[in-house]
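What follows is a single structure, written as structure tokens, with notes after it.
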Protein chains: 2
Amino acid sequence: MAGRVRQKSNMQHMRSAGAGKVTIAQVAREAGVSKTSISRYLGGELDALSAPLREQIRSTIARLGYQPSQMARGLKGGRTKLIGMLVADILNPYSVAVLHGAEAACQEHGYTLMLCNTGNDEKREKQSLAALHSYSVEGLLFNTQGRNVTPLKELGQAAFPVVLLDRRVEGCDFDLVGLDNVGAARMATEHLLSSGYSDIGLVVQPLQGVSSRQGRQAGFLQAMSTRPDCHGETLEVHIDQPGHVATTVHEFLKRRRNQNGDGRVAILAGNGMVSLQIALALQSMKLRFPEDIGLLCFDELSWSPLVGSGISTIEQPTYDIGFAAIERLLARINGESAPRREILLDGRLIPRGSSKLAQDMVL
Amino acid sequence: MAGRVRQKSNMQHMRSAGAGKVTIAQVAREAGVSKTSISRYLGGELDALSAPLREQIRSTIARLGYQPSQMARGLKGGRTKLIGMLVADILNPYSVAVLHGAEAACQEHGYTLMLCNTGNDEKREKQSLAALHSYSVEGLLFNTQGRNVTPLKELGQAAFPVVLLDRRVEGCDFDLVGLDNVGAARMATEHLLSSGYSDIGLVVQPLQGVSSRQGRQAGFLQAMSTRPDCHGETLEVHIDQPGHVATTVHEFLKRRRNQNGDGRVAILAGNGMVSLQIALALQSMKLRFPEDIGLLCFDELSWSPLVGSGISTIEQPTYDIGFAAIERLLARINGESAPRREILLDGRLIPRGSSKLAQDMVL
DNA sequence: CTGTTAGCGCTTTCAC
DNA sequence: GTGAAAGCGCTAACAG
């Protein structure tokens, strides 16, 4: 057993074709080196290997088509290269758009996404959290439903890397990436105001505890407060309750016309889901924009230009939000311990027909 | 060392709150039983445990908040409870809708989805495949881009569980779940024909190798062949090429009007992405439906009812497709070795204004 | 019924 | 520089 035990013999690579598991041990044997060296090679500790050794390993790995098992790697060191993403509602185009950016960032950094849709349900949120935990994800991207955040708080206490998307959570000091809701809503409202609308209804889903909605309301109120001659109102709707949106809008319109017959009424839709319901409601009521009512919606959607003379929107940089969120998370995973940070990206106004109030327009 | 070594002493559960890792060994120690028994308990081999033992374990697990590590479990037995999903394009609403069903099914069966978006790119497809492989996913849901399928074929040879979504792959005998494209396209075409349209253009993205598109063309041609008095034509478009769709439609329309001045022209859009481009193109050309041109689109989208008098669509049971695909995959994972199977679900026609050709309509 | 003993594939001290 | 050995948390024979 003196010297190196190079036994390049029996090259029985009978599995070469199949995706059959080649293990680090096999590679070591075939290359005539120790598992340790292979491991070092994989870990990028190249300066710890001699040039010939390095080459020997490289070629053997290539020849055998060896791929290290992330599961096994994760088991020891904890670097699973896994990131969990909890999405409040995968049917919401916003979520998917953010997911797109997040997935791209993951791929770029060699991470893989484990996706769970919670369907805005507390229980599923908790279950998903447990599932992701059991895979030792290194961090979490979290678009929470907002209520009952105890499990989230526990993560916070454990100093587990989490980045919140869109919605802040009371009492947790996680980083957050999202839209500058206040600014965007102010801009939106000002656009409507300066377009000549005097009576504006902000239509949102229930505000309770959802910070992004509250932010949008705040911006809305801010902008409205600069114009005492105009009227602003927040209208909460339940979009899963058929007809509720239509009724709400209808009553708002009637009310404003009674109060202020000369006023011009507009709706500011709080997000993409609401936009759709509003558009559907206006259609069912045979109301056209901008003739009968003005409309400006949060979230640019593929079909925004298509309806009527086009729906004006506030576009969110969704891809960037997702991408930035992953990068923030990676920073935390890699040990950054700076205080909580919020990254708020700007929205962009895309004016279209729905908010264009022709001065000479006849009712 | 005689008898049981019950040392329920030092209950130092100082981590109770944090998500800190409790291991099977700790549980075993605290419960005063062997790891094996715990493992059996976890594995559901309850009949192999005595009632008191069972209870002892149950309570200890609960008290410690123990959660087994899936990574470790997977390392040994291979049951990682992980399913990989490769999506050709996450921006495609079809993909997301299917993902929705797939994720739900996974959750229901205790599996977790690892999601990779390949962006219709061969290279990323290969990389993602490798990544998923390195996590020992038990099976794959695959919505491939279609070209260069060698890596897929290798999986086939290795008898790895794969279920294809929507698109068949030449030379692989994987199960497939998708739409009955031929039937749906036939139904669509017949609807247009019976509505009085005589000149129909099927607008699709490049057919080359994409079985679902070919299937739709086949159904289209079948239906057209029953009406020698009518004219059908397949128009391939590149939707990422600005203006191409508009030009194609415009030329088709002009051509048909020259050939057949009395004919009624309609477009059958091959999928949701195409639909959007068509709608945009018609708008830019100031063409209205059904007055100027008929329109029927594959894929029901949230905004289908909103544009003009509503766009008629062929709805796919996307959620069911995703759900069924996972169940098919699970069957394979659990050892089913029946010959290749295709599950083709039916589409549903949703007629709206865009295909309603009023008999007394004035051009 | 229950526990002991080996590993799964990889990383990581700690020697040489 | 390089390797042997000891686990990571769990499951799976194999004994009693």
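Values in this document were obtained by computation on a predicted structure and should not be read as measured data. Chain naming here is simple, since letters A, B, ... match the order of the sequence lines and numbering starts at 1 in each.
- With respect to the salt-bridge test (charged N to carboxylate O, under 4.0 angstrom), the residues R168(B) and E170(B) do not qualify.
- With sequence neighbours excluded, the residues forming a side chain to side chain contact (heavy atoms under 4.5 Å, CB included) with K81(B) are Y135(A), Q70(B), Y111(B), E138(B), listed by chain and number.
- Residues E30(A) and Q26(A) bring no donor and acceptor atom of their side chains to less than 3.5 Å of each other.
- Side-chain nitrogen and oxygen atoms of S37(A) include none within less than 4.0 Å of the OP1 or OP2 phosphate oxygen of dG1(D).
- We find that CZ of R79(A) is positioned 15 Å from C1' of dT12(C), with the value rounded to whole Å.
- Separation of atoms NE2 (H133(B)) and OG (S128(B)) is listed at 14.0 Å; rounding is to 0.5 Å.
- If you take CZ of R54(B) and C1' of dT2(C), they are 14 Å apart, rounded to a whole angstrom.
- The distance from atom CD of Q56(A) to atom P of dT2(D) is 11 Å, rounded to the nearest whole Å.
- Every residue two or more places apart in sequence or in another chain that forms a side chain to side chain contact (heavy atoms under 4.5 Å, CB included) with E55(A) is listed here: R58(A), S59(A).
- As rounded to whole Å, 18 Å separates atom C1' of dC8(C) from atom OH of Y135(B).
- Distance L64(A) CG to dG9(C) P: 14 Å, rounded to the nearest Å.
- Using a 4.0 Å cut-off between charged side-chain N and carboxylate O, R328(B) and D175(B) make a salt bridge.
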Reading 5' to 3' through nucleotides 5-14 of chain D, protein heavy-atom contacts under 4.0 Å coded B for base, S for sugar-phosphate only, - for none | B-BBBBBBB-
